[in-house]
Amino acid sequence: MTTGFSAVDLRRMLSSLRDVMAGAGSVQERLDKTVALIAKGLRADVCSCYVMRAGEVLELFATFGLSQTAVHLTRLRVGEGLVGEIAAHANPVALADAWSHPQFVYRPETGEDFFRSLMGVPMLQAGRVIGVLVVQTREQRPFNDWEVETLETVAMVIAELIAASQVVKREELFQTEGNALIAPRLTGVTLVPGVGIGLAVMHKPHVRIGRIVSDDPAVEEQRLDKALATLRTEVDAMIDGAHGDTTLYGDILEVYRMFADDRGWISRIMEAIGSGLTAEAAVQKVHDDTRVRMQQVSDPILRERLQDLDDLANRLLNILAGGGMRVELPENAILVCRSIGPTELIDYDRRKLRGLVMEEGSPTMHAVVVAKALDIPVVAQVQGALQRIDALDVVVLDADAGQIIIRPSDEVIELTSAAVEARARRKAAYAERKDLPSVTLDGHTVGLYLNAGFLIDMQAITETNAAGIGLYRTEMPFLSLPTIPDVKTQQALYRQVVEAAGARPVTFRTLDVGGDKIAASTFAMQEDNPAMGWRSIRLTLDRPSLLRQQLRALVSATEGATLRVMFPMIASVAEFATARDILNREVARHRQSGAQGPSEIKVGTMLEVPSLLWQLDELMRHVDFISVGSNDLMQFLYAVDRGNTRVASRYDTLSPPMLRVLHAIITKCDAAGVEASICGEIAGQPLEALALVALGFRNLSMSASGIGPVRGMIRSLRLEAARSYVKTLLAAEVSTVRENLRAFARDHAIALQ
Ligand code: PEP
Ligand code: MG
């Protein structure tokens with residue numbers, strides 16, 4: 001298999017493999033023939049196929065060259081030996097001298113004493129490792145990339161054979177806990193709270209590939225071109241809102257347009273077609289490769305791009321398969337999936353969706369953004385969901401408790417139905433009272449604003465009757481993109497935001513990338529301490545063209561209207577002054593071109609870095625408004641990583657130190673006549689909001705779900721009493737005043753939900 005193995009050889013081998021697979025005989029016989037064919041085709045002495053069995057064990061299923069008595073006897077745990085290593089990392093291994101590798105495990109029963117070199121690749125099915133394919137040679141020799149790629153292509157073919165023939169039952173393939181009985185209860189992480197009950201619908205994005213080996217690469221290339229053209233048309237139509245209200249998803253779908261045009265992606269698929277695969281098999285192969293590579297990446301944002309890629313590849317596969325992916329839902333459906341892309345979720349009838357269960361998933365993935373905006377409860381990271389839940393099982397999804405109950409008893413169904421109804425009643429009550437002013441019993445008005453980051457969030461403005469958008473996180477739709485879009489694209493997006501807000505103000509925050517929000521590969525770099533590293537305003541001041549372009553887009557998008565813009569992570573007044581200066585220059589430039597520009601411009605800062613606390617006097621002279629980012633302020637004040645659940649509940653925001661800081665800020669702002677608001681998560685929690693209003697804050701910005709409860713709290717509050725009480729708490733020598741405040745609320749009949 002050294003020199004001279006060409007694309008033609010590969011095609012010939014694939015074609016023989018196809019004949020074997022389609023031929024007569026048991027699966028075992030066909031696998032035996034297959035490994036012999038591969039060994040011969042690749043001029044290797046050994047070819048072995050290991051298949052993943054229950055309990056994460058890899059079993060030698062077929063071999064050419066090793067002892068036949070070892071078949072179904074030799075077993076390796078994932079992570080054990082070189083084969084286990086390949087499965088554990090889903091990465092190929094190619095070693096001239098396998099014996100000297102520290103991971104090498106000698107299994108005497110296989111008789112592998114004579115084979116020095118080893119090359120192995122994972123066998124993947126829908127992105128999961130279902131086995132390992134290995135070749136070995138007697139002669140000690142290196143393997144090149146082409147050989148590794150060849151083996152990967154062959155592995156894909158065998159993976160299909162194994163999956164299609166159900167050599168191993170599907171549940172056994174993916175089971176990790178032996179033969180445990182179906183558990184009635186599964187737990188996960190709450191991504192969108194709520195409760196739902198319905199029949200399980202298994203979301204099956206994986207399109208079955210009929211043919212793997214092609215007869216004519218030229219025909220397959222044409223099929224791919226045609227499918228790509230259809231894909232682009234579909235995506236454009238979705239972005240332009242041709243499918244109902246999909247304009248609301250325009251910013252989320254922008255990523256598809258970029259991927260659909262990505263030259264690298266397309267040329268990799270073409271290459272795979274060139275090696276003898278059909279168009280769909282080529283799409284699947286490139287997709288599996290990317291998926292595996294992306295899964296190795298620890299950066300959560302980059303991993304999330306995977307969902308979008310998954311979604312796009314599935315769409316393309318579906319087009320190649322002739323369409324018809326849409327599934328009809330029962331009246332009440334709980335969707336169960338490993339992961340889901342936003343367009344796939346949008347494709348379902350949302351009126352029938354009562355919940356979403358995912359085996360993977362994270363809070364910022366696009367499908368979750370969509371689910372949140374549509375108020376569909378989501379529980380994610382539910383291990384074993386696909387194995388333990390069967391289609392049309394009755395499922396109770398209690399996202400508030402982060403759990404799923406499968407085939408619940410009548411009692412549980414009754415209790416859950418009551419909870420669903422109670423929630424619906426509460427929601428209806430908030431909606432009914434949305435037009436009531438958010439004024440305290442003693443006449444103090446509190447402005448309730450929304451935090452938003454996607455166009456789809458804007459629909460909540462009318463649903464909640466919020467006073468405006470207090471924080472528009474502009475980076476959100478760009479996090480999945482390979483680059484930040486150009487001025488024109490940004491301007492169009494901001495214009496849509498302004499229009500969706502109507503007469504209500506929108507406070508745009510400039511790009512807050514880096515830290516836990518690394519914008520794709522453009523800025524991805526390893527930092528020991530990313531939250532305190534090159535992020536946010538630091539990054540955009542160092543890359544001023546980025547900031548200039550964004551401000552240019554904002555200035556032209558707010559032509560004739562008010563532009564409110566603020567800068568994130570400001571740590572010194574000088575940084576603010578520099579950023580404001582860049583804005584001033586953009587405004588001047590805009591006006592020089594003959595345009596009128598925004599009718600009014602207000603420039604503010606986020607206050608989230610404690611160093612600003614000692615520059616407040618100076619800061620007040622520079623800013624039009626400030627917005628307290630309590631999420632980051634808390635993180636830096638207490639040196640507590642906001643994303644680390646181990647320390648998350650160690651310190652309380654309702655603690656005297658934090659309350660003193662907030663009090664100092666609002667006191668300074670009031671004295672200087674600078675408008676202040678607070679836009680961290682605490683603003684949307686009634687008890688915390690009570691403390692904030694008592695401290696003097698009159699503008700709170702929060703996610704949509706917080707507005708109803710906080711409005712209720714304010715309308716039941718007598719501010720003067722709360723103000724005096726909270727003042728006493730400022731001096732308390734305790735680590736939290738949460739219970740004191742709760743007791744106060746109880747005693748004064750303040751509504752906390
Ligand atoms: C904050 O830090 O409180 C804030 C609102 O900004 P983000 O959550 O986007 O960092
Ligand atoms: Mg922040």
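All ligand and atom numbering here is 1-based and tracks the order in the structure.
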Trainee: If we only consider heavy atoms of Glu681, is any one of them less than 4.0 Å away from an atom in ligand 1?
Mentor: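 No, Glu681 has no heavy atom closer than 4.0 Å to ligand 1.
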Trainee: Which part of Asn451 is near ligand 1, with near meaning a heavy atom under 4.0 Å away: side chain, backbone, both or neither?
Mentor: neither
Trainee: Using distance alone, with no hydrogens and no angle criterion, decide if Gln550 and Thr474 have a side-chain donor and acceptor under 3.5 Å apart.
Mentor: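 Checked: Gln550/Thr474 side chains pair up, N/O donor to acceptor below 3.5 Å.
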Trainee: So, Ser536 versus Asp512: side-chain donor-acceptor pair below 3.5 Å or not?
Mentor: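 Present: a donor and an acceptor within the cut-off.
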Trainee: Salt bridge between Asp457 and Arg473, side-chain N to carboxylate O under 4.0 Å?
Mentor: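 No, no charged N to carboxylate O under 4.0 Å.
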Trainee: Taking only heavy atoms of Arg642 into account, list the atoms of ligand 1 that are under 4.0 Å away from them.
Mentor: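 The list of qualifying atoms is 2 (O), 7 (P), 8 (O), 10 (O).
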Trainee: Numbering the atoms of ligand 1 from 1, which are under 4.0 Å from a heavy atom of Cys679?
Mentor: 5 (C)
Trainee: Is the shortest distance from a Lys or Arg side-chain nitrogen in Arg580 or Asp624 to a carboxylate oxygen in the other one below 4.0 Å?
Mentor: yes
Trainee: For Arg509 and ligand 1, answer yes if some heavy atom of the residue is under 4.0 Å from a ligand atom, otherwise no.
Mentor: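 Yes.
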Trainee: Do you see an N/O/S atom of Asp512, backbone or side chain, under 2.8 Å from the Mg ion (ligand 2)?
Mentor: no
Trainee: Using distance alone, with no hydrogens and no angle criterion, decide if Arg433 and Asn465 have a side-chain donor and acceptor under 3.5 Å apart.
Mentor: no
Trainee: Going by an N to O cut-off under 4.0 Å, is there a salt bridge joining Glu475 and Arg509?
Mentor: yes
Trainee: Just jot down the ligand 1 atoms closer than 4.0 angstrom to any heavy atom of Leu471, in number order.
Mentor: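 Answer for ligand 1: 5 (C).
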Trainee: Residue-level breakdown please: for Met702 versus ligand 1, do any non-hydrogen atoms fall below 4.0 Å on the side chain, on the backbone, on both, or on neither?
Mentor: neither
Trainee: Would you mind running through ligand 1 and noting each atom that sits below 4.0 Å from a heavy atom of Gly680?
Mentor: 3 (O)
Trainee: Would you say the side chains of Ser735 and Ser655 form a donor-acceptor pair under 3.5 Å?
Mentor: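 Looking only at side-chain atoms, Ser655 and Ser735 do not form any donor-acceptor pair under 3.5 Å.
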Trainee: Relative to ligand 1, is Met606 under 4.0 angstrom through side chain, backbone, both or neither, heavy atoms considered?
Mentor: side chain
Trainee: For Thr736, what residues pass the side-chain contact (heavy atoms from CB on, under 4.5 Å) criterion, not counting sequence neighbours?
Mentor: Asp652, Arg738
Trainee: Could you check which N/O/S atom of Asp632 is closest to the Mg ion (ligand 2)?
Mentor: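 So the atom name we want here is OD2.
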Trainee: With the Mg ion (ligand 2) as the reference point, give the N/O/S atom of Glu608 that is nearest.
Mentor: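 That would be atom OE1.
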Trainee: Please list, chain by chain and in numerical order, all residues satisfying ring-ring contact (aromatic ring centres under 6.0 Å, His included) with Phe636, sequence neighbours excluded.
Mentor: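 In terms of ring-ring contact (aromatic ring centres under 6.0 Å, His included), with neighbours along the sequence ignored, Phe636 is linked to no residue.
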Trainee: Looking only at distances, can you tell me whether any N or O atom of Asn631, backbone or side chain, sits closer than 3.5 Å to an N or O atom of ligand 1?
Mentor: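 Such a contact does occur with ligand 1.
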Trainee: For ligand 1, which atoms sit closer than 4.0 Å to a heavy atom of Asp632?
Mentor: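 Numbered from 1, ligand 1 contributes 1 (C), 2 (O), 3 (O), 10 (O).
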Trainee: Look at the rings of Phe567 and Phe576 and say which category their plane angle falls in: under 30° parallel, 30 to 60° tilted, over 60° perpendicular.
Mentor: perpendicular
Trainee: Just which atoms of ligand 1 are under 4.0 Å from any heavy atom in Gly629?
Mentor: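 Result: 1 (C), 2 (O), 3 (O).
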